[in-house]
There are 4 protein chains.
Amino acid sequence: MPKGLVVETELRVRFAETDAQGVVYYAHYFVWFEVARVNFLRTLGFNYSEAEKAGIGFVIAEAYCRYLAPAHFDELIKIKTWVEDIGRSSFTLGYEVINGETDQTLALGKTTQVFLDMKGTRKPIPIPAPVREALEKARDSGGETGGNVEGRAVGKASPH
Amino acid sequence: MPKGLVVETELRVRFAETDAQGVVYYAHYFVWFEVARVNFLRTLGFNYSEAEKAGIGFVIAEAYCRYLAPAHFDELIKIKTWVEDIGRSSFTLGYEVINGETDQTLALGKTTQVFLDMKGTRKPIPIPAPVREALEKARDSGGETGGNVEGRAVGKASPH
Amino acid sequence: MPKGLVVETELRVRFAETDAQGVVYYAHYFVWFEVARVNFLRTLGFNYSEAEKAGIGFVIAEAYCRYLAPAHFDELIKIKTWVEDIGRSSFTLGYEVINGETDQTLALGKTTQVFLDMKGTRKPIPIPAPVREALEKARDSGGETGGNVEGRAVGKASPH
Amino acid sequence: MPKGLVVETELRVRFAETDAQGVVYYAHYFVWFEVARVNFLRTLGFNYSEAEKAGIGFVIAEAYCRYLAPAHFDELIKIKTWVEDIGRSSFTLGYEVINGETDQTLALGKTTQVFLDMKGTRKPIPIPAPVREALEKARDSGGETGGNVEGRAVGKASPH
């Protein structure tokens with residue numbers, strides 16, 4: 001369940017994301033997690049695309065989703081994101097996918113990211129200090145909420 | 001080139017949309033056209049998901065894209081959409097994909113949609129009168145501009 | 001780890017499945033699980049598309065993947081699939097994603113499917129008897145192996 | 001229409017490729033064109049992934065598809081591919097998407113690829129001589145047919 005700093009990301013279901021059951025195909029929730037993750041980290045001051053240019057990057061080590069209710073074309077979706085756990089090289093984010101109009105929880109998920117030496121060995125490296133600091137601060141936060149529409153800030157977060 | 005009513009749709013490039021060349025994979029532009037199309041039609045008062053429930057729907061008959069410059073992860077993208085042509089059962093929309101920060105044109109595209117009897121024969125039917133009227137009005141417009149962020153209105157268009 | 005009847009599904013990495021890190025994007029593994037799942041169930045005599053027409057269907061309740069090593073464009077991939085668990089309304093399949101040339105394990109995953117009354121309430125229903133029987137037989141099997149290329153049988157399994 | 005050397009690629013429709021209209025989403029045909037293109041070029045002796053490592057690569061300059069009839073989950077699809085045109089830096093392939101059981105034509109398409117200096121300027125460069133030679137031979141061929149299942153050769157083509 002959401003804890004610490006919770007960042008909200010909004011998006012609208014694309015027709016491309018639906019399947020022949022008339023609902024969003026299960027793999028697309030992991031794409032939404034990515035959109036929410038990038039947004040969460042941007043709120044923390046971590047710009048993923050710039051970091052990668054500097055040879056700092058992470059890969060996904062584990063991904064999990066529990067599906068509670070379906071999402072449909074054109075629905076407004078909110079994704080709450082928070083720090084679930086911090087390790088030496090890895091950190092885990094939690095996600096709650098919500099129908100933006102009814103507030104119904106549609107899915108709960110987690111992803112674990114591990115920092116790698118992207119330029120050299122691709123072996124795990126300790127979480128870079130400023131990232132660790134920001135993650136710890138978010139984890140220990142008193143429960144603020146930031147928010148973001150995909151592509152444009154509507155709350156505290158800045159997409160740029 | 002854009003003409004008549006031009007509606008702008010904004011989105012941000014997802015990591016999921018990139019490929020091993022480091023740029024957006026070519027098929028995803030057609031997904032972006034869909035996001036822009038749904039938004040354009042919503043601006044015209046045509047709610048696709050409600051229309052489909054009423055048995056009115058269209059399918060894509062033709063799709064075309066010319067790629068001029070690549071798009072990259074996390075870039076802000078604007079898609080201009082306008083009416084290119086109106087037939088008896090079909091209509092063609094034009095799209096211009098633009099880098100939202102540099103204003104560079106990245107791609108130009110077209111899709112032709114044809115209305116079908118979705119409940120029965122799946123044969124082409126004339127464009128429903130209110131849709132035709134709205135399309136003609138957009139085509140003959142003096143060049144207004146509406147705008148929309150994916151998931152939230154920022155201009156004239158309302159996503160709800 | 002694989003147990004009981006293990007069905008192998010082969011596919012080749014599409015360029016569309018790669019991302020700007022030069023490897024297969026993490027969400028696509030769940031699409032591969034679907035390809036493997038459909039193939040596994042077909043091997044058991046369960047044709048998903050015919051079942052859905054009869055109002056019998058399942059949805060994904062949980063999905064999990066652990067990523068061990070990356071996959072790249074054009075690599076040959078093998079996915080081993082087996083029955084992990086059988087409940088009243090749900091069953092869990094296990095997956096091992098393997099590099100088809102080096103035999104290296106790239107990922108391990110699980111999905112839990114729950115049968116729903118697709119025509120009526122969309123509430124969970126008991127696993128249909130013939131499906132349950134086939135799943136139990138697969139789970140209790142002495143470790144045979146069936147195999148299938150995406151789109152054409154190469155082993156025991158028949159794609160038709 | 002198919003001419004010269006025609007290479008056939010087979011695949012089976014994934015559930016992930018369907019949409020809420022119950023048919024394959026229009027953008028996925030361009031992914032299928034990619035699968036067919038890679039296979040066509042491999043048949044000609046051009047290994048795309050090896051070429052990219054050598055700094056030789058192409059990007060898509062134009063893509064077009066005309067949709068004639070829908071494809072559905074689990075259907076067997078055949079894609080015929082041939083050389084449509086050869087320029088200085090670019091070449092155009094044609095595609096015919098066919099229902100593998102009924103032989104009905106589902107879609108016709110084209111993509112134009114342009115060779116770029118991938119390591120340096122990213123400007124167009126002449127088609128590398130061995131590729132041009134192979135493309136010309138295919139174009140001028142008397143109408144042989146090669147074939148390939150996605151992931152495994154079934155005809156003349158070798159996926160390795």
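Residue numbering restarts at 1 for every chain, and letters A, B, ... go by the order of the sequence lines.
With sequence neighbours excluded, no residue forms a ring-ring contact (aromatic ring centres under 6.0 Å, His included) with C:Tyr64.
More than 12 heavy atoms of other residues, nucleotides or ligands sit less than 6.0 Å from atom CZ of A:Arg139.
Within residues 105-118 of chain A, the residues that have a heavy atom under 4.5 Å from a heavy atom of chain C are A:Thr111, A:Met118, listed by number. Contact residues of residues 24-32 of chain A toward chain C are A:Tyr25, A:Tyr26, A:Ala27, A:Phe30, A:Val31 (heavy-atom distance under 4.5 Å).
Evaluation of the salt bridge (Lys or Arg N to Asp or Glu O under 4.0 Å) test over residues 124-138 of chain C, restricted to residues two or more places apart or in two chains, returns C:Arg132-C:Glu136.
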